[in-house]
Amino acid sequence: TLMTASAATFAQLPPGVKPGEFARLTCEGGKTFAVRMAEDGKSARVRALHGASELSLQADGAYVNEDYKLALPAASAATLWHKGKVEADKCKVQAG
């Protein structure tokens, strides 16, 4: 079975993140943000300190736009950058 790069990346979503539904992530220092993954895995919407924004999947597996970058590595916690600076680090999906 062939699997596209975007499908492989999308399959690595952290536990608790379901396509089409917002998930709240809690991060180091008590910071939080929410993310909703598109059903096809090609985009993500974040709601964070600086507002809501739509991000597109890139070849490296991160979701980006002109303001934000979101990395959701399968083996570690998520990181959200805003304008090149880490806004939230060591983020995990909030239970419940």
Side-chain angles (χ1 to χ4, degrees):
T1 304
L2 293 176
M3 184 180 279
T4 65
S6 63
T9 302
F10 190 55
Q12 297 176 1
L13 289 180
V17 175
K18 296 176 184 165
E21 298 178 16
F22 272 101
R24 178 150 303 279
L25 286 83
T26 55
C27 312
E28 184 176 73
K31 294 181 178 184
T32 64
F33 71 95
V35 63
R36 180 186 68 214
M37 310 307 294
E39 295 288 340
D40 65 5
K42 293 181 181 177
S43 66
R45 181 147 188 91
V46 295
R47 291 181 185 160
L49 178 64
H50 299 287
S53 197
E54 196 74 23
L55 313 178
S56 298
L57 180 63
Q58 301 299 297
D60 66 359
Y63 292 85
V64 301
N65 70 10
E66 63 277 357
D67 292 327
Y68 284 100
K69 177 178 179 181
L70 174 63
L72 294 166
S76 60
T79 302
L80 180 67
W81 291 265
H82 182 257
K83 298 195 181 213
K85 295 182 181 178
V86 173
E87 180 170 312
D89 196 22
K90 298 179 182 159
C91 306
K92 299 201 182 247
V93 176
Q94 188 173 340

Discussion item. Minimum heavy-atom separation for Lys69 and Ala62, please, with both atom names.
Written reply: CE-CB, 3.7 Å
Practice prompt. Check whether any side-chain heavy atom of Leu55 lies under 4.5 Å from a side-chain heavy atom of Val64, and answer yes or no.
Written response: no
Item to complete: Look up atom NZ in Lys18 and atom CD in Glu39, then write down how far apart they are to the nearest 0.5 Å.
Response: 12.0 Å
Name each donor-acceptor pair under 3.5 Å that joins a side chain in residues 78-89 to protein atoms two or more places apart or in another chain, with its distance.
residue	atom	partner	partner atom	Å
Thr79	OG1	Asp89	OD1	2.8
Glu87	OE2	Leu49	N	3.2

Fill in: Positive for side chain to side chain contact (heavy atoms under 4.5 Å, CB included) with Leu25, one of Leu70, Val35, Thr32
Val35
Worksheet, complete the sentence: CZ (Arg24) and CZ (Arg47) are apart, to the nearest 0.5 Å, by 8.5 Å
Discussion item. Please find the pair of heavy atoms, one from Tyr68 and one from Gly51, that lie closest to each other, and give the distance.
Written reply: OH-O, 3.6 Å
Item to complete: Could you tell me whether the side chains of Ser53 and Asn65 share a donor-acceptor contact shorter than 3.5 Å?
Response: yes
Fill in: Side chain to side chain, Val46 and Tyr63, heavy atoms closer than 4.5 Å
no
